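Since this is a predicted model, take the numbers as computed values, not measurements. For reference, positions follow the sequence shown, starting with 1. Scope of the values below: all heavy atoms of this structure, side chains included, with no hydrogens, waters or symmetry mates.
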Amino acid sequence: MEYVSFMSVKSIEKLRRVMRSELCNRCGSCVGLSEGKIIFNDREGKYLPQQVADIDDQHADRLWSACSGKDFNFPEYNKLFFANSPYYHKYIGSYHSINIGYAIDDEVRRNSASGGILSAILIYLLENNRINGVVTLRMSKDKPWLTEPFIARTKEEVMEAAQSKYTVSSVNEILPDLENFNGELAFVGIPPQVQSIRKLQKINDPAVKNIKYIFGPFYGNTLYFSSVVSFLKTYGEKDYKKIKKLYFRHGEWPGNMRIEMESGRVIELKKFHANYLIPFHVLKNSLYCTDFTNEFTDISGGDAWAPVYEDRGKGFSMIIARSKAGQEILDEMIVGGRISAEAIAEKDAITMHSHGYDFKKRGSFIRIKFRKLFGKQVPDYGYYMRRFGLSRYLMEMVISIMFMILGTTLARWVVEQFPPGFIGQIFEKARTTWKNSTKKIKRQQLG
């Protein structure tokens, strides 16, 4: 089988196999470090890297060392980067504290995905000269329907990068700029991108020598750009190149998907309704990623999904300080009145995101097992979760079949024949019914 012979070939062939497969997470490291020999040539499509010139063995070894698509040993990297963290949970990872909070700066809070914690931290570090720049992601200046990585140097630029971007992105293609940057940097990315950075830090690669801190959001899934194209079609807009501005969570929490066209037309849909796009356009690799809370950051954050916070509006974040440096930053900002935060217990953090932990820490491993049964390449994370009940396997079979059917061209065409608001309402009701009916299965032995 292919996953058996995978380890016996040269680095460049290993890399090509990942690049051609559903294991490629599009982090961008191979593109950034290849000196133009690997490119993304179809960003509005599959967004896969493509080799366009010969690469020698030494250079290929470096690129393969940076690839997080095929393997990332969780236990090894926990020991390497978080040996001094006092707490560890198999779902949460290593940490110093777990809090619920928000940015005191109302502008930051209102214009962020949840409580504005990550934006507030980055602004604080910049204003206090703890860093000189932030490696992050914004919507492209030239092609506003796509994302682009850049180095933010001011509060205004950090806010330009605020809010979630639910589409394929490749922050790490900016690595050459990091190596040549004069000063210290904070890096912001989703788990696959962060894991690649940690792999490079392990081997002391010069591309990451200026990264002082790593932050990132919680991670569920990524969508192909086809989600935006499909969304536009349902509103009668056929040319995505007429997009002037694209937001995935515009406005106050929880936000709306919003597209502003060059014509002046504004298309907007509630965030929870726009989630209907997920099963039709999900990036397959995100279904095999087992890192929900961005375990290898100094601080990670995500929405506080609980009625006690949701009912208040404005947005609250779960904040996980993982490293000593991350905890020190959080403490400083709380004392200095930049962040409001209240500690919560580990069990409460698990309960609050039980659906996410189940989907990533259980579902991903079952999906990986299904994939392996078909003789396909599978990622190696250095650990494996097992002993799931039969009901959980059956539930995952339903989910996998659903993703397979809804990801077809026919299914996408059918859903495009209905108004997004109508489909969104049906999706939200169906999702609520599904969550309630499977809650017992998901929470069984979760903790």
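Closest approach of Val188 to Gly216, counting heavy atoms only: CG1-CA, 4.4 Å. Of all the heavy atoms in Ile123 and Arg338, the pair that sits closest is CG2-NH2, 4.1 Å.
Within the structure, the ring pair (Phe, Tyr, Trp, His ring centres under 6.0 Å) test picks out no pair touching residues 164-196 (sequence neighbours left out). For residues 95-134, every residue pair satisfying the ring pair (Phe, Tyr, Trp, His ring centres under 6.0 Å) rule, not counting sequence neighbours, is listed here: Tyr87-Tyr95, Tyr102-Phe316. Applying the ring pair (Phe, Tyr, Trp, His ring centres under 6.0 Å) test to residues at least two apart or on different chains, the pairs with a partner in residues 32-51 are Phe40-Tyr47. Applying the salt bridge (charged side-chain N to carboxylate O under 4.0 Å, His left out) test to every pair with at least one member in residues 26-54, sequence neighbours left out, gives these pairs: Arg43-Glu173.
When the side chain to side chain donor-acceptor pair (under 3.5 Å) test is applied to Asp105, the partners found at least two apart in sequence or on another chain are Lys155. Annotation: salt bridge (Lys or Arg N to Asp or Glu O under 4.0 Å) contacts of Glu184 (sequence neighbours excluded): Lys212. Ser65 is linked by a side-chain contact (heavy atoms from CB on, under 4.5 Å) to Ile203, counting only residues two or more places apart in sequence or in another chain. Every residue two or more places apart in sequence or in another chain that forms a side-chain contact (heavy atoms from CB on, under 4.5 Å) with Pro191 is listed here: Gln195, Tyr219, Cys289, Asp291, Asn294. Contacts of Pro279 classified as side-chain contact (heavy atoms from CB on, under 4.5 Å), with partners at least two apart in sequence or in another chain: Met402, Phe403, Leu406, Phe427. Shown here are the side chain to side chain donor-acceptor pair (under 3.5 Å) partners of Ser97, two or more places apart in sequence or in another chain: Asn99, Gln327. For Asp177, there are no side chain to side chain donor-acceptor pair (under 3.5 Å) partners two or more places apart in sequence or in a different chain. Every residue two or more places apart in sequence or in another chain that forms a side-chain contact (heavy atoms from CB on, under 4.5 Å) with Ser317 is listed here: Ser114, Ile117, Ile319.
The closest side-chain donor-acceptor pair between Arg16 and Gln51 falls under 3.5 angstrom. With 3.5 Å as the limit, one finds no donor-acceptor pair spanning the side chains of Gln193 and Asn172. For the 3.5 Å distance criterion, the side chains of Ser196 and Ser29 qualify, holding a donor opposite an acceptor. No side-chain donor from either of Gln163 and His250 sits under 3.5 Å from a side-chain acceptor of the other.
A 4.5 Å side-chain heavy-atom check between Leu23 and Lys284 finds every atom pair outside the cut-off. Side-chain atoms of Thr147 and Thr167, non-hydrogen and from C-beta on, do get closer than 4.5 Å to each other. Residues Ile214 and Thr297 form a side-chain contact, since some pair of their non-hydrogen atoms from C-beta on lies under 4.5 Å apart. You'll find the side chain of Val228 reaches within 4.5 Å of the side chain of Ile243, heavy atoms only. With a 4.5 Å cut-off on side-chain heavy atoms, Arg322 and Ile299 do not count as touching. In this structure the side chain of Glu332 reaches within 4.5 angstrom of the side chain of Arg130, judged on heavy atoms. Thr154 is listed as a side-chain neighbour of Glu157, based on a closest heavy-atom distance under 4.5 Å. Inter-residue side-chain proximity for Thr136 and Val171 is flagged as unmet; no heavy-atom pair is nearer than 4.5 Å.
Remark: Arg138 is positioned above the aromatic ring of Phe150, its terminal NZ or CZ atom under 6.0 angstrom from the ring centre and at most 45 degrees off the axis.
Aromatic ring orientation, Tyr276 versus Phe231: tilted (interplanar angle from 30° to 60°).
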Worked verdict on Ser323 versus Asp298 for side chain to side chain donor-acceptor pair (under 3.5 Å): CA-CA 5 Å; Ser323 67; Asp298 290 293; 2.6 Å; yes

Residues Lys143, Glu148; criterion salt bridge (charged side-chain N to carboxylate O under 4.0 Å, His left out); working and verdict: CA-CA 9 Å; Lys143 297 180 178 180; Glu148 65 179 10; over 6 Å; no

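Taking the six-membered ring for Trp and the full ring otherwise, Phe74 and Phe72 have centroids separated by under 6.0 Å. Taking the six-membered ring for Trp and the full ring otherwise, Tyr383 and Phe365 have centroids separated by under 6.0 Å. Taking the six-membered ring for Trp, His353 and Phe218 have ring centres closer than 6.0 Å.
If you take OH on Tyr213 and CD1 on Ile131, they are separated by 8.0 Å, rounding to the nearest 0.5 Å. Rounding to the nearest 0.5 angstrom, the gap separating the SG atom in Cys67 from the NZ atom in Lys14 is 11.0 Å. With rounding to the nearest 0.5 Å, the separation of CG in Leu137 from CD in Glu160 is 11.0 Å. Separation of atoms OH (Tyr384) and CD1 (Ile368) is listed at 7.0 Å; rounding is to 0.5 Å.
Here Glu295 pairs with Lys361 in a salt bridge; the nearest charged N to carboxylate O distance falls below 4.0 Å. Look at Arg392 and Asp358 and you find a salt bridge, because one of the NZ, NE, NH1 or NH2 atoms lies within 4.0 Å of a carboxylate O, short of that distance. Between Glu268 and Arg258, at least one side-chain nitrogen of the basic residue sits less than 4.0 Å from a carboxylate oxygen of the acidic one, meeting the salt-bridge criterion. With respect to the salt-bridge test (charged N to carboxylate O, under 4.0 angstrom), the residues Glu396 and Arg362 do not qualify. By the 4.0 Å N-to-carboxylate-O rule, Arg20 lies close enough to Glu13 to be salt-bridged with it. Ion pairing between a basic and an acidic side chain is recognised when a charged N comes within 4.0 Å of a carboxylate O; Asp303 and Arg249 show such pairing.
Under a 3.5 Å cut-off, the side chain of Thr351 and the backbone N or O of Asp348 do not form any donor-acceptor pair. In this structure, the side chain of Arg198 engages the main chain of Phe296 through a donor-acceptor pair within 3.5 Å. Within the 3.5 Å criterion, the main-chain N or O of Val378 finds a donor-acceptor partner in the side chain of Lys70. For the pair Ser364 (side chain) and Leu287 (backbone), a donor-acceptor distance under 3.5 Å is present. At least one donor-acceptor pair closer than 3.5 Å links the side chain of Lys360 to the backbone N or O of Ser286. Checked by atom type and distance alone, the side chain of Ser227 never pairs as donor or acceptor with a backbone atom of Leu223 at under 3.5 Å. A distance-only check finds a donor-acceptor pair linking the side chain of Thr432 to the backbone of Glu428 [under 3.5 Å]. Between the side chain of Ser119 and the backbone N or O of Gly116 there is no donor-acceptor pair closer than 3.5 Å.
Taking a 6.0 Å sphere around NZ of Lys209, one finds it holds more than 12 heavy atoms contributed by other residues, nucleotides or ligands. The environment of CG in Asn182 is sparse: at most 12 heavy-atom neighbours from other residues, nucleotides or ligands sit within 6.0 Å. Open room surrounds CZ on Arg431; 12 or fewer heavy atoms of other groups in view lie less than 6.0 Å from it.
For the side chain to side chain contact (heavy atoms under 4.5 Å, CB included) with Lys199, the lone residue among Asp205, Val208, Asp71 that qualifies is Asp71.
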